[in-house]
*Asks:* 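This is the structure, below, for whatever I ask next.
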Amino acid sequence: MENKITLPQATPTDNTGSSIDYLVISSPSDTLPYQKAIKEAPLLAIDTETTGLDPHRDRLRLIQISAPGIPVLVFDCAVFLPDGISCLRELLDTPSEKLFHNAKFDLQFLMGIGIECFPVFDTMLAAQLLRPCGGPLRAGLAAVADHYLGIRMDKTEQTGPWDSTSLTGSQLAYAALDAGILLKLYGVMKPLLAHHGLDRIASIEFACASAIAHTEYDGINLDLEQWDSLRKKTEKQYNDALETLYTYSGTPTYQLTLWGGEEALDVNFESNPYVLKLLNRYGIPVNSTSRRSLAPYHNQPLVQALTEYRRHSKSLSSFLHPIPAQIHPVTGRLHPKYMQIGAWSGRMSCYNPNIQQIPREADFRGCFTAPHGRKLVLADYSQIELRVAAQISGDSRMKSACQKGEDLHALTASLISNVPISQVTKAQRQAAKAVNFGLIFGMGAEGLRQYSSQSYGVDMTLEEAEQFRSAFFQNYHGINWWHHDLRESPPLEGRTLTGRKFLFSPNTGLADLANTPVQGTAADILKSALGLLASRIRESDKKIVGIVHDEILMEVPEEEVDDAVVLLKNTMEEAARAILPDVPCEADAKAADSWAGK
DNA sequence: ACGTACAGCGCG
DNA sequence: AAAGCGCGCTGTACGT
């Protein structure tokens with residue numbers, strides 16, 4: 001039996017295509033009249049309703065498939081599956097574009113029943129690319145349908161318990177409506193992306209969505225025993241550091257709380273007001289307790305003790321204590337979530353847990369291991385932001401250094417210290433690293449001095465910083481002009497090399513103007529690599545298990561590890577070549593048993 | 001009691 | 001006047 005739902009309209013005068021037909025599918029035979037239309041359709045809109053948000057614990061309830069010219073097919077999973085799975089797979093195994101809103105979500109539930117969908121078009125990502133305004137993202141289907149179609153979707157009517165066995169007619173109708181609306185959205189958004197020069201970055205993002213969906217679904221293995229022994233070791237070091245601090249503060253007096261615990265009233269090293277008072281009492285005249293203001297006093301024993309305490313406190317409270325609780329009860333692995341367009345620049349962000357901020361020390365990363373019979377493959381781009389900056393600024397010295405495969409940090413060291421590149425010392429190269437990253441993005445001399453001391457352990461005087469700064473800009477003319485132009489006529493719009501768009505407010509500073517397109521282009525390159533990689537490991541047992549801005553972690557069967565190293569390196573370098581025409585960008589890839597690289 | 005802001009710090 | 005940028009997580013401070 002065929003059903004009809006009327007589309008809500010913000011503009012009642014527009015009646016074209018204002019109703020959507022749908023049909024509930026309970027068995028493969030129900031699909032017979034529509035098989036030809038679906039297999040030959042140039043695009044299919046797909047939406048799902050599930051009993052929850054976790055693809056490893058919750059179930060698919062409905063799968064809605066909409067193609068132009070036929071009713072929306074609403075598959076009732078409770079009766080259609082599992083017998084109908086091969087029918088469904090056949091219907092979706094076509095070259096047509098698969099249209100979703102937040103594809104990642106639906107793809108994960110579909111991969112749970114063994115179905116892959118590609119290529120993807122994602123109206124949520126499209127909306128985010130079209131409105132690069134920052135601020136809170138209103139990219140839900142209702143908001144997007146309202147904005148691009150003038151359709152007010154009534155959210156209150158369609159929400160219901162998707163876990164009950166029988167579904168109401170209203171639930172089915174609104175489920176169908178979502179898929180139908182997707183088709184209409186495509187008609188508006190596809191040309192709009194092209195009109196704004198966003199089609200290249202859109203296809204990068206869409207291909208990447210599938211890679212991210214798999215990465216989240218597959219998760220990453222954590223060696224809990226190793227993690228726990230690191231926790232114990234760190235707790236011991238934490239307590240030692242605490243005891244040392246007590247020799248300055250005196251031991252705390254405790255008060256019993258109402259809940260039976262006890263808390264220190266007078267001593268709390270997590271309290272910045274308290275720590276500030278303590279520092280001042282010991283003659284350290286800072287007005288903030290930050291690492292930056294403490295840096296000049298790093299020889300003071302109290303400052304050393306405090307720094308040591310903070311290091312261990314951070315390790316325990318941010319990583320060692322909370323992360324074991326995040327291991328998934330079904331898979332036994334961690335499943336970090338990725339926000340694909342998580343940062344304003346176009347970078348991804350990561351949470352629950354944020355695997356992108358796990359400390360670099362081998363103690364920590366060594367706990368992320370390959371399970372038995374498998375290996376990790378690690379690869380990262382070397383100096384990608386510097387190379388992107390060379391491409392975007394057009395600086396000829398920097399570009400030719402990249403082409404000749406020279407070490408950019410050593411080159412800068414030789415230029416600012418006026419020594420031959422072969423005689424650059426380790427310390428000079430380290431200082432140049434700070435100079436490169438700081439000055440390319442518009443840092444002043446004082447900023448450079450503090451930054452290089454804080455981030456690279458390189459102390460320089462203000463005069464030396466001034467000298468480095470002027471020597472740097474005298475040698476890299478292209479960077480100088482690039483900054484000069486941005487300062488003289490600050491643009492209101494910026495683009496990455498693939499067309500990703502930024503809107504700047506009129507008072508945006510040089511740092512943002514220069515940094516955003518560089519950081520964004522580096523993100524475009526990594527996302528492009530991820531999309532390519534996902535298509536090349538489809539139907540294999542190779543997995544992408546971690547993504548860290550300029551780095552990709554894979555987990556593969558032991559016997560495929562050599563192939564995987566080559567595949568990952570080549571794919572990443574190919575992605576970079578396609579986006580950076582003048583600047584080669586190498587990816588270092590290697591096999592390992594853990595993320596520590598050994 | 002609760003939510004939000006902020007400082008501080010981990011990563012790139 | 002001077003300023004690198006982008007994130008997420010933690011505990012404390014502070015608002016209601």
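No hydrogens, no waters, no symmetry mates; every other heavy atom, side chains included, goes into these values.
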*Asks:* Checking A:Tyr238 against A:Tyr309: is there a side-chain donor and acceptor pair closer than 3.5 Å?
*Replies:* yes
*Asks:* When all nucleic acid strands are considered with a 4.0 Å heavy-atom cut-off, which category describes A:Leu439: base, sugar-phosphate, or nothing?
*Replies:*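 Nothing, no nucleic acid heavy atom in range.
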*Asks:* Just name whichever nucleotide pairs with C:dG4, Watson-Crick or G-U, keeping both distances under 3.5 Å, else none.
*Replies:*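 WC or wobble partner does not exist here.
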*Asks:* Check every atom of C:dG6, B:dC9, B:dC11 against the side chain of A:Asp512 and return the nucleotide holding the closest atom.
*Replies:*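 My answer, after comparing the listed nucleotides, is C:dG6.
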*Asks:* Is A:Arg365 close enough to B:dG10 that one of its side-chain N or O atoms is under 4.0 Å from OP1 or OP2 there?
*Replies:*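 False: A:Arg365 side-chain N/O out of range (4.0 Å or more) of B:dG10 OP1/OP2.
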*Asks:* Which nucleotide in the list C:dT10, C:dC7, B:dG10 gets nearest to the side chain of A:Ala343?
*Replies:*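 Ranking C:dT10, C:dC7, B:dG10 by closest atom to the A:Ala343 side chain puts C:dC7 first.
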*Asks:* Between A:Leu378 (CG) and B:dG12 (P), how many Å, whole number?
*Replies:*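 In whole Å, B:dG12 P lies 13 Å from A:Leu378 CG.
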*Asks:* What's A:Thr289 touching, base or sugar-phosphate or nothing? Going by heavy atoms closer than 4.0 Å.
*Replies:*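 Sugar-phosphate, no base atom in range.
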*Asks:* Which heavy atom of A:Ile392 sits nearest a heavy atom of A:Pro517, and at what distance?
*Replies:*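 So the minimum-distance heavy-atom pair works out to CD1-O, 3.8 Å.
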*Asks:* Look at all strands and tell whether A:Gly442 reaches a base, only sugar-phosphate, or nothing, counting heavy atoms closer than 4.0 Å.
*Replies:*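 Nothing: the residue A:Gly442, judged by heavy atoms under 4.0 Å, touches no strand.
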*Asks:* Taking only the side-chain nitrogens and oxygens of A:Asn352, find out if one of them lies under 4.0 Å from OP1 or OP2 of C:dC9.
*Replies:* yes
*Asks:* Is it true that the side chains of A:Thr244 and A:Thr247 contain a donor and an acceptor less than 3.5 Å apart?
*Replies:*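 Short answer, no.
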*Asks:* Expressed as a whole number of angstroms, how long is the span from A:Ile323:CD1 to C:dG8:C1'?
*Replies:* 11 Å
*Asks:* Nearest to the side chain of A:Asn515, heavy atoms from C-beta on, is which of B:dC11, C:dG4, C:dT10?
*Replies:* C:dG4
*Asks:* Below 4.0 angstrom from OP1 or OP2 of B:dA7, is there any side-chain N or O of A:Ser288?
*Replies:*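 For A:Ser288, the contact criterion (side-chain N or O under 4.0 Å from OP1 or OP2 of B:dA7) is not met.
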*Asks:* Less than 6.0 Å separating the ring centroids of A:His335 and A:Tyr217?
*Replies:*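 That pair fails the under 6.0 Å test.
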*Asks:* Mind checking whether A:Leu448 and A:Val435 have side chains closer than 4.5 Å, heavy atoms only?
*Replies:* yes
*Asks:* Between atom CD1 in A:Ile355 and atom C1' in B:dG10, what is the gap in whole Å?
*Replies:*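 These atoms are roughly 13 Å apart.
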*Asks:* Examine the side chains of A:Arg310 and A:Thr289 and answer whether a donor and an acceptor come within less than 3.5 Å of each other.
*Replies:*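 A pair is found: one side chain offers a donor N or O, the other an acceptor, under 3.5 Å apart.
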*Asks:* What's the CZ-C1' distance between A:Arg449 and C:dA3, to the nearest Å?
*Replies:* 15 Å
*Asks:* Strictly below 4.0 Å: does A:Arg347 bring a side-chain N or O up to OP1 or OP2 of B:dG12?
*Replies:*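 A:Arg347 to B:dG12 OP1/OP2: no side-chain N or O under 4.0 Å.
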*Asks:* Please state how far atom NZ in A:Lys314 lies from atom P in C:dT10, giving the value in whole angstrom units.
*Replies:*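 About 8 Å, once rounded to whole Å.
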*Asks:* What is the distance, to the nearest angstrom, from the NE2 atom on A:His549 to the P atom on C:dC5?
*Replies:*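 One finds 16 Å between P of C:dC5 and NE2 of A:His549, rounded.
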*Asks:* Taking only the side-chain heavy atoms of A:Asp550 (C-beta and beyond), determine which of B:dG12, C:dA13, C:dG8 contains the nearest atom.
*Replies:* B:dG12
*Asks:* Please determine, for the side chain of A:Glu270, which listed nucleotide (C:dG8, B:dG8, C:dG11) has the closest atom?
*Replies:*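 So the nucleotide nearest the side chain must be C:dG11.
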*Asks:* Nearest to the side chain of A:Asn268, heavy atoms from C-beta on, is which of C:dT12, C:dG4, C:dC9?
*Replies:*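 It is C:dT12.
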*Asks:* Decide yes or no, distance alone: a donor-acceptor N/O pair under 3.5 angstrom between the base of C:dG8 and the side-chain of A:Gln357.
*Replies:*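 Yes, a donor-acceptor pair under 3.5 Å.
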*Asks:* In whole angstroms, how far is the P atom of C:dA3 from the CZ atom of A:Phe441?
*Replies:*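 Distance, rounded to whole Å: 17 Å.
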*Asks:* Using a cut-off of strictly less than 4.0 Å, decide whether A:Arg360 has a side-chain nitrogen or oxygen near OP1 or OP2 of B:dG12.
*Replies:* yes
*Asks:* Classify A:Gly438 by what it touches in the nucleic acid, base, sugar-phosphate, or nothing, heavy-atom distance under 4.0 Å.
*Replies:* nothing
*Asks:* Verify whether the ring centers belonging to A:His483 and A:Phe441 lie closer than 6.0 Å.
*Replies:* no
*Asks:* Among B:dG10, C:dT10, C:dC5, which nucleotide has an atom closest to any side-chain atom of A:Pro322?
*Replies:* C:dT10
*Asks:* In terms of the nearest nucleotide of DNA chain C, which residue is placed more toward the 5' end: A:Ser318 or A:Met348?
*Replies:* A:Met348
*Asks:* Searching all strands shown, indicate the nucleotide that pairs with C:dT10 (Watson-Crick or G-U wobble; both distances under 3.5 Å).
*Replies:* B:dA7
*Asks:* Base, sugar-phosphate or nothing for A:Gln519? Non-hydrogen atoms, less than 4.0 Å.
*Replies:*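 It contacts base atoms.
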*Asks:* At 4.0 Å (heavy atoms only), tell me whether A:Glu551 reaches a base, stays on the sugar-phosphate, or touches nothing.
*Replies:*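 Result for A:Glu551 = nothing.
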*Asks:* Would you mind reading off the distance between A:Gln340 atom CD and C:dC7 atom C1', rounded to a whole angstrom?
*Replies:* 16 Å
